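Quick notes on the structure that follows.
Note that the coordinates shown come from a computational prediction; the quantities given were computed from them, not determined experimentally. Just so you know, ligand 1 is whichever comes first in the structure, and atom 1 is the first atom listed for that ligand.
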Amino acid sequence: MKREHLDTDSPNKKFATIYKATAAKPFMAMLSYLPKNLEDFTFVDFGSGRGRTLLLASELPFKRVVGVEFSTTLHAEANNNIDSYCGRRKLGNRPESILADATTFPIPNGPLVIYMFDPFNATVTKGVFDNIVASYRACPRIMYFLYYGPVHKKIVLDTGIFSELPTAPLPPDPTLGRPLAFSLFATPEHNN
Ligand SMILES: C[S@@+](CC[C@H](N)C(=O)[O-])C[C@H]1O[C@@H](n2cnc3c(N)ncnc32)[C@H](O)[C@@H]1O
């Protein structure tokens, strides 16, 4: 889906990339870097589209799985997908799609797993990370950031709270026939 087809009043519409869903295999490979004990963690996908990552993440024992999406149509489709997925599977917690601009979403308390698939430009990425840093400074805690298509990783490193961890190449994205780049970051509490 092209940017001009995203139905949102957000002034950040002009900063969005094209809509594309994360393929299941690379997504599960990214999740495999996380600790096994996720019961205290909230998973947040900034720019969650039709909600595929929310359905896949809800197979893990997260405390909460939430996506933030500013397109009214994609958010409605995510809710339909959540309804039919939850009808078929026994999930501990129902994932949530929130209709909002990523820069306005209040950062959840507690341990976090943040996910982005190259959703927006540097301005919006910086806006979201300003919120994440303010939340971390108010309450330092473990945060992982899984960044698929990590175009703006300098913004992440410049926050001064995230360090990059080593990763191996991901399985290919089937629609592209090649793997996409992935970067994994964590706050210092990862070493505790
Ligand atoms: C590349 S798609 C990724 C979709 C999903 N995260 C996935 O991996 O399957 C990026 C998504 O970000 C959304 N988006 C772009 N800018 C946004 C913003 N400022 N606030 C909320 N959503 C945004 C787009 O509408 C699109 O659905």
Salt bridge check: are D83 and R94 linked by an N-O gap of less than 4.0 Å?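 R94 and D83: salt-bridged.
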Just jot down the side-chain contact (heavy atoms from CB on, under 4.5 Å) partners of [X], sequence neighbours excluded, or say none.
X	answer
E39	N37, P61
A181	P150
A78	S97

Would you say N109 has more than 12 foreign heavy atoms packed within less than 6.0 Å of its CG?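 Counting other residues, nucleotides and ligands, CG of N109 stays at 12 neighbours or fewer.
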Who's touching ligand 1 if we go heavy atoms under 4.0 Å?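 These residues qualify: L6, N12, A16, I18, Y19, K20, A21, T22, D45, G47, S48, G49, T53, V68, E69, F70, L74, A100, D101, A102, Y115, F117, P119, F120, V124.
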Would Y148 and D173 satisfy side chain to side chain contact (heavy atoms under 4.5 Å, CB included), going step by step from the backbone distance to the final call? CA-CA 11 Å; Y148 195 39; D173 176 318; 4.0 Å; yes
